[in-house]
There are 2 protein chains.
Amino acid sequence: MARRTKEQAAETREQLLDAAERVFHAKGVSRATLDDIARDAGLTRGAVYWHFDNKTAIFTAMCDRVSLPMQAMLDAQVADPGPDPLGQLTRDGARILCLVANDSRTTRVFEIILFKTELCDVVAEVMAEEAERAARCRRQLSTVLQAAQRLGQIPAHVNCDLAAFALNSYLIGCIREWLELREFNLADQAEWLMQTFYAGLQHAPPPPAKVE
Amino acid sequence: MARRTKEQAAETREQLLDAAERVFHAKGVSRATLDDIARDAGLTRGAVYWHFDNKTAIFTAMCDRVSLPMQAMLDAQVADPGPDPLGQLTRDGARILCLVANDSRTTRVFEIILFKTELCDVVAEVMAEEAERAARCRRQLSTVLQAAQRLGQIPAHVNCDLAAFALNSYLIGCIREWLELREFNLADQAEWLMQTFYAGLQHAPPPPAKVE
DNA sequence: TTAGATACATACACGTATGTTTGTAAACAC
DNA sequence: GTGTTTACAAACATACGTGTATGTATCTAA
């Protein structure tokens with residue numbers, strides 16, 4: 001096959017990632033073949049091996065296309081907590097839920113990550129990256145919650161690390177269960193879901209012990 | 001190899017399921033080989049094919065060993081809501097979290113289901129079963145929440161179906177994130193986590209629209 | 001006591017995914 | 001205009017998992 005220009009090559013790379021999304025979603029990451037992906041993109045495995053080292057490289061590149069923008073959003077939130085951290089956190093959580101509900105690429109990639117990927121020793125590098133990313137996310141959430149606590153939006157006895165864990169769990173859980181269910185409009189209920197959780201934080205009972 | 005007695009054969013079946021837990025956990029369900037499982041149990045694939053049709057059959061049998069007892073627990077809860085449904089639900093949720101934290105078999109199987117299994121078209125039968133089980137679980141939770149609502153434990157404007165979704169999501173999310181994290185004692189914090197969520201339900205804002 | 005069923009082990013055939021190597025036509029540098 | 005590099009396609013070698021067929025030693029029932 002003939003050589004393409006730089007822009008054309010970059011475009012086929014994107015097409016390969018699009019194809020990877022579809023194939024991973026349809027067959028699961030493990031059962032997806034590099035030939036499946038190439039074929040779906042109208043290419044051959046030669047193209048795949050030219051742009052990526054192996055299947056793992058495709059997977060991480062595909063994840064980065066959706067996770068990097070979301071991470072940037074959280075970074076901005078931490079840089080400037082604003083006058084109403086809890087309210088802002090509510091709106092941000094709802095915004096993420098709406099993104100999952102409405103942006104098809106986000107929907108598909110979240111479904112792949114939550115339902116169609118086996119994290120195991122073989123992909124230990126990816127697991128380590130993911131664990132680091134999740135830990136950073138929790139630290140950032142805890143920071144924002146502490147800011148809210150200083151403003152009196154959350155009782156002083158609440159352990160912000162544990163609350164950050166609960167918040168993160170709730171968000172992931174809602175995304176996961178809604179993706180599995182799909183019986184109601186998540187965007188419509190996103191605000192209520194987040195507000196209800198924060199109402200719980202505001203009326204939380206005193207903790208039994210310190211989490212470390 | 002010589003024929004064993006019925007009891008001995010039943011025991012090797014259990015050993016194969018134990019081995020499947022270990023191998024699925026270590027390599028992921030897709031990458032796990034029937035030879036891996038047989039070898040781990042000190043047997044050969046002949047034994048595997050004698051007791052099970054294929055890998056999917058092993059997987060479902062392994063899941064049933066932990067999910068059936070838990071389902072029975074929820075059934076009992078629905079059969080008799082008792083005088084304090086919300087409090088009972090709090091204790092039940094905490095009990096499930098403690099089970100995940102302390103019972104090693106439950107821990108391992110939940111890790112397999114949440115992190116090391118790819119639900120895709122190929123295992124559509126398993127997916128359909130799982131969806132039905134989840135739907136039933138949500139219906140049961142909604143029933144109990146309605147009982148609590150009639151007793152005034154939850155505001156009348158709360159949509160119990162949506163609340164059941166949120167509760168289920170929260171539980172799954174907490175299990176998932178704790179399994180990934182493991183940095184604190186989940187059993188110690190289980191009560192607080194559940195009580196905080198129910199405090200949110202009790203102080204939930206009015207809904208924006210009806211979920212159907 | 002013996003015929004058949006049971007509980008596995010062993011061996012084979014088949015498909016299939018992977019990594020690599022080679023081929024090649026167009027783009028680009030000069 | 002020629003040489004080199006790019007961006008793939010095509011072909012190949014290797015390995016591996018699955019299902020099945022077959023072998024076999026023991027248990028069990030009549």
Side-chain angles (χ1 to χ4, degrees), chain A residues 1-20 22-62 116-118 120-123 125-126, chain B residues 1-20 22-24 26-62 116-118 120-126:
Chain A
M1 174 57 70
R3 178 184 178 189
R4 333 285 296 276
T5 69
K6 265 196 197 307
E7 302 82 39
Q8 286 174 325
E11 191 181 338
T12 63
R13 192 190 127 102
E14 293 300 305
Q15 288 172 1
L16 283 173
L17 291 179
D18 291 344
R22 289 188 291 269
V23 175
F24 285 160
H25 187 270
K27 306 187 64 174
V29 177
S30 289
R31 304 188 59 92
T33 301
L34 296 185
D35 187 62
D36 291 334
I37 297 174
R39 220 172 262 276
D40 186 283
L43 299 165
T44 67
R45 277 167 53 237
V48 173
Y49 275 103
W50 173 255
H51 286 285
F52 306 96
D53 283 349
N54 46 38
K55 201 202 285 184
T56 306
I58 299 182
F59 179 77
T60 59
M62 182 198 72
K116 295 154 192 303
T117 308
E118 292 176 2
C120 50
D121 306 340
V122 188
V123 286
E125 337 100 45
V126 183
Chain B
M1 171 58 70
R3 178 184 176 192
R4 331 284 298 277
T5 69
K6 264 196 198 307
E7 302 82 40
Q8 286 174 327
E11 190 181 340
T12 63
R13 192 191 128 102
E14 293 299 305
Q15 288 172 1
L16 282 173
L17 290 178
D18 291 344
R22 288 188 292 268
V23 175
F24 284 160
K27 305 187 66 174
V29 177
S30 289
R31 305 188 58 92
T33 300
L34 297 185
D35 187 62
D36 290 334
I37 297 174
R39 222 173 261 277
D40 185 285
L43 299 164
T44 68
R45 277 170 52 239
V48 173
Y49 275 104
W50 174 255
H51 286 284
F52 306 98
D53 283 350
N54 47 37
K55 202 203 282 185
T56 307
I58 299 183
F59 179 77
T60 59
M62 183 198 71
K116 294 155 193 302
T117 307
E118 292 177 2
C120 50
D121 305 341
V122 188
V123 285
E125 337 102 42
V126 183

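No hydrogens, no waters, no symmetry mates; every other heavy atom, side chains included, goes into these values. So that the names make sense, note that chain A is the first sequence line, chain B the second, and so on, each numbered from 1.
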Please report, rounded to the nearest Å, how far the C1' atom of D/dT18 is from the CZ atom of A/R31.
11 Å
What is the distance from CZ of A/F52 to C1' of C/dG19, rounded to the nearest Å?
17 Å
Grab the CG-P distance between A/D36 and C/dT18 for me, whole Å please.
9 Å
Separation of C/dA27 atom P from A/Q8 atom CD, nearest Å, is 7 Å
Residue-phosphate contact under 4.0 Å: A/W50 side-chain N/O, D/dC8 OP1/OP2:
no
Using a cut-off of less than 4.0 Å, is there contact between a side-chain N or O of B/Y49 and OP1 or OP2 of D/dT20?
no
Quick one: do A/I37 and A/F52 satisfy side-chain contact (heavy atoms from CB on, under 4.5 Å)? Show the steps, please.
CA-CA 12 Å; A/I37 297 174; A/F52 306 96; over 6 Å; no
d(CD1, A/I37; C1', C/dA17) in whole Å
12 Å
Nearest whole angstrom, please: distance from the C1' of C/dA17 to the NZ of A/K27.
10 Å
Side-chain contact check for A/A47: nearest option of C/dC8, D/dC8, D/dT18 is D/dC8
Steps toward side-chain contact (heavy atoms from CB on, under 4.5 Å) verdict (A/L16, A/I58):
CA-CA 8 Å; A/L16 283 173; A/I58 299 182; over 6 Å; no
I want to confirm an ordering. Mapping A/A9 and B/R45 to their closest nucleotides on DNA chain D, which one lands closer to the 5' end?
A/A9
Testing C/dC28, D/dC8, C/dT18 for proximity to the side chain of A/T5, the answer is C/dC28
If only side-chain N and O atoms of A/T12 are considered, is one of them under 4.0 Å from the OP1 or OP2 phosphate oxygen of D/dA7?
no
Name the residue closer to the 5' end of DNA chain C, choosing between A/K6 and A/D35 according to the nucleotide with the nearest heavy atom.
A/D35
For residues A/R31 and A/D36, determine if any side-chain heavy atom of one lies less than 4.5 Å from a side-chain heavy atom of the other.
no
Can you run down the side chain to side chain donor-acceptor pair (under 3.5 Å) pairs that involve residues 37-46 of chain B, sequence neighbours left out, and say none if there aren't any?
B/R22-B/D40, B/D35-B/R39
May I ask you to evaluate whether B/T33 reaches the phosphate of D/dG17, defined as a side-chain N or O under 4.0 Å from OP1 or OP2?
yes
If you look at every strand shown and take non-hydrogen atoms under 4.0 Å, does B/T44 touch a base, only sugar-phosphate, or nothing?
base
In whole angstroms, how far is the C1' atom of C/dT18 from the CD1 atom of A/I58?
13 Å
Measure from CG on B/L34 to C1' on C/dC8 and round the result to the nearest Å.
15 Å
Under 4.0 Å: is that the gap between some side-chain N or O of A/H51 and OP1 or OP2 of D/dC8?
yes
Quick check for you: to the nearest 0.5 Å, what is the distance between B/D18 atom CG and B/Q15 atom CD?
7.5 Å
